[in-house]
Participant: 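My questions will all concern the structure given below.
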Amino acid sequence: MKRITKLICAMAIALFAIPQQADAQFLKKLKEAAKGVVKEVLTDDNAEQTTTTQPGTTTAPSTNFVTSASGVSVGNPAAQYFDLQFVEAVGNSAANTVTIYLKATAKDLNYANVQIGNNTVVGYDTDGNEYKSNNYALAKNLTVGLPVKYEISSLANVPSTVNTLAVVYVGWYINSSKAAKGGNLSTNIQLKNVPVKWQ
């Protein structure tokens, strides 16, 4: 009887041990296969995902630029959510500010309280001088197919001798998962070769 009990115990232990060992081997092989797939995705030139190049640094996907009739190139990283059009940049020579106007049109969904250029605007002139926004822009609702005009927060301390802004970075925010990332300019809307009309 003792021998049968020992045999049953040994078989029970073996039954529990075998699947655990098989699971461990399966998981190990799965992990190795996953590494190969991740390497393929990271090295694929057509991959649209962000890839890690060094610990702590990431590379964002490149932004496609569309040149408007006025010659301004618009890079819109939020293109899957809304279309964007440059309207004009108006300089106030008395206040030394430049205010940029854009039109945004929602693509597939309506969005409430969308912020474009809300105190996260930085511009550079052709000499490399930096200008930052000094106020807040209003949030607006975006409706599919209906263009909405945005007056983004003004750039401060811009001399009236600046006729062109080489590049302007504009922050945007729909919700916490759909927004420009602070400190990462490549996630901002980019405007290149912006002519300034002074008044």
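What you are looking at is a predicted structure, and each value in this text was computed from that prediction instead of being measured.
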Participant: Given side-chain contact (heavy atoms from CB on, under 4.5 Å), test Leu191 with Leu102 step by step and report yes or no.
Facilitator: CA-CA 10 Å; Leu191 308 171; Leu102 303 172; 4.0 Å; yes
Participant: Within the structure provided, determine whether Tyr101 and Val90 are in side-chain contact (heavy-atom separation under 4.5 Å).
Facilitator: yes
Participant: Between Phe65 and Gly75, which heavy-atom pair has the shortest distance, and what is it?
Facilitator: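 Smallest interatomic distance, heavy atoms only, reads CD2-N, 3.4 Å.
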Participant: Where do Tyr131 and Asn157 land on the side-chain hydrogen bond (donor to acceptor under 3.5 Å, both in side chains) test, with the steps shown first?
Facilitator: CA-CA 7 Å; Tyr131 309 101; Asn157 303 318; over 6 Å; no
Participant: For Trp172 and Lys178, run side-chain contact (heavy atoms from CB on, under 4.5 Å): C-alpha distance rounded to whole Å, both residues' side-chain angles, the deciding distance at 0.1 Å, then the answer.
Facilitator: CA-CA 9 Å; Trp172 60 278; Lys178 299 173 184 171; 4.3 Å; yes
Participant: Enter the distance from Leu138:CG to Asn135:CG here, rounded to the nearest 0.5 Å.
Facilitator: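 Atom-to-atom, Leu138:CG and Asn135:CG are 9.5 Å apart.
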Participant: Rounded to the nearest 0.5 Å, how far apart are OG of Ser160 and CD of Gln199?
Facilitator: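 Output value for this atom pair is 13.0 Å.
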Participant: Ring of Tyr81, cation from Lys107 - is the NZ or CZ under 6.0 Å from the centre and inside 45° of the axis?
Facilitator: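 Output no; distance or angle outside limits.
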Participant: So which atom in Pro195 and which in Asn193 form the shortest heavy-atom distance, rounded to 0.1 Å?
Facilitator: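 Heavy atoms of Pro195 and Asn193 come nearest at CD-O, 3.2 Å.
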Participant: Mind checking whether Tyr173 and Ile100 sit in one hydrophobic cluster, side chains of I, L, V, M, F, W, Y counted as touching below 4.5 Å?
Facilitator: no
Participant: State, with a plain yes or no, whether a side-chain heavy atom of Asn76 is found less than 4.5 Å away from one of Asp83.
Facilitator: no
Participant: Would you say Thr164 and Thr126 are linked by a side-chain donor-acceptor pair, where the criterion is simply a distance under 3.5 Å?
Facilitator: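 Judged by distance alone, the side chains do not pair up.
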Participant: At their closest point, which heavy atom of Gly171 faces which heavy atom of Ala180, and how far apart are they?
Facilitator: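 The pair with the smallest heavy-atom distance is CA-CB, 4.2 Å.
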Participant: What is the minimum heavy-atom distance between Gly117 and Ala137, and which atoms define it?
Facilitator: O-CB, 3.4 Å
Participant: Look only at the side chain of Ser153 and the backbone of Ser133, and say whether a donor-acceptor pair between them is shorter than 3.5 Å.
Facilitator: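 No, the answer is negative, given that no donor and acceptor are paired below the 3.5 Å cut-off.
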Participant: One pair to check against side-chain contact (heavy atoms from CB on, under 4.5 Å): Val148 and Thr143. What are the steps and the verdict?
Facilitator: CA-CA 8 Å; Val148 176; Thr143 303; 5.9 Å; no
Participant: Output all residues satisfying salt bridge (Lys or Arg N to Asp or Glu O under 4.0 Å) with Lys103, sequence neighbours left out; order by chain, then residue number.
Facilitator: none
Participant: At what distance, to the nearest 0.5 angstrom, does CD of Glu130 lie from CG of Leu155?
Facilitator: 10.0 Å
Participant: Using modelled atom types only, decide if a donor and an acceptor are shared between the side chain of Thr67 and the backbone of Gly71 within a distance under 3.5 Å.
Facilitator: no
Participant: Quick check: closest heavy atoms across Ala89 and Val98, and the distance to 0.1 Å?
Facilitator: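 For Ala89 and Val98, the tightest heavy-atom pair comes out as CB-CG1, 4.2 Å.
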Participant: Do Asn163 and Val196 come close enough that some side-chain heavy atom pair is under 4.5 Å?
Facilitator: no
Participant: Nearest 0.5 Å, please: how far is CD1 in Ile189 from CZ in Phe86?
Facilitator: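 Reported value, rounded in 0.5 Å steps: 13.0 Å.
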Participant: Side chains of Ser154 and Thr97: any donor to acceptor distance under 3.5 Å?
Facilitator: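 Checked: Thr97/Ser154 side chains show no N/O donor-acceptor pair below 3.5 Å.
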Participant: Is there a side-chain contact between Lys149 and Val87 in this structure, where contact means two heavy atoms from C-beta onward sitting under 4.5 Å apart?
Facilitator: yes
Participant: Looking only at heavy atoms, what is the nearest atom pair of Trp198 and Pro159, with distance?
Facilitator: CZ2-O, 3.2 Å
Participant: In the hydrophobic clustering that connects Ile, Leu, Val, Met, Phe, Trp and Tyr at side-chain heavy-atom distances below 4.5 Å, which members other than Tyr124 occupy its cluster, ordered by chain and number?
Facilitator: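 Reading the cluster by chain and number, Tyr124 sits alongside Val122, Val167, Tyr169, Leu185.
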Participant: Determine yes or no for a side-chain-to-main-chain donor-acceptor pair under 3.5 angstrom, with Asp125 supplying the side chain and Asn129 the backbone.
Facilitator: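 Indeed, once roles are kept as given, a pair shorter than 3.5 Å links the two residues.
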Participant: According to a 4.5 Å side-chain heavy-atom criterion applied to Ile, Leu, Val, Met, Phe, Trp and Tyr, with indirect links allowed, do Leu142 and Leu109 form part of one hydrophobic cluster?
Facilitator: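 Yes, one cluster joins them.
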Participant: Tell me, yes or no, whether the heavy-atom count around Lys192 atom NZ, taken from other residues, nucleotides or ligands under 6.0 Å, exceeds 12.
Facilitator: no
Participant: Would you sort out whether Ile174 and Phe82 count as a side-chain contact (heavy atoms from CB on, under 4.5 Å), showing the intermediate values?
Facilitator: CA-CA 10 Å; Ile174 296 174; Phe82 56 82; 4.1 Å; yes
Participant: How many angstroms lie between atom CG of Asn113 and atom CG of Asn141, to the nearest 0.5 angstrom?
Facilitator: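 Answer rounded to 0.5 Å: 5.5 Å.
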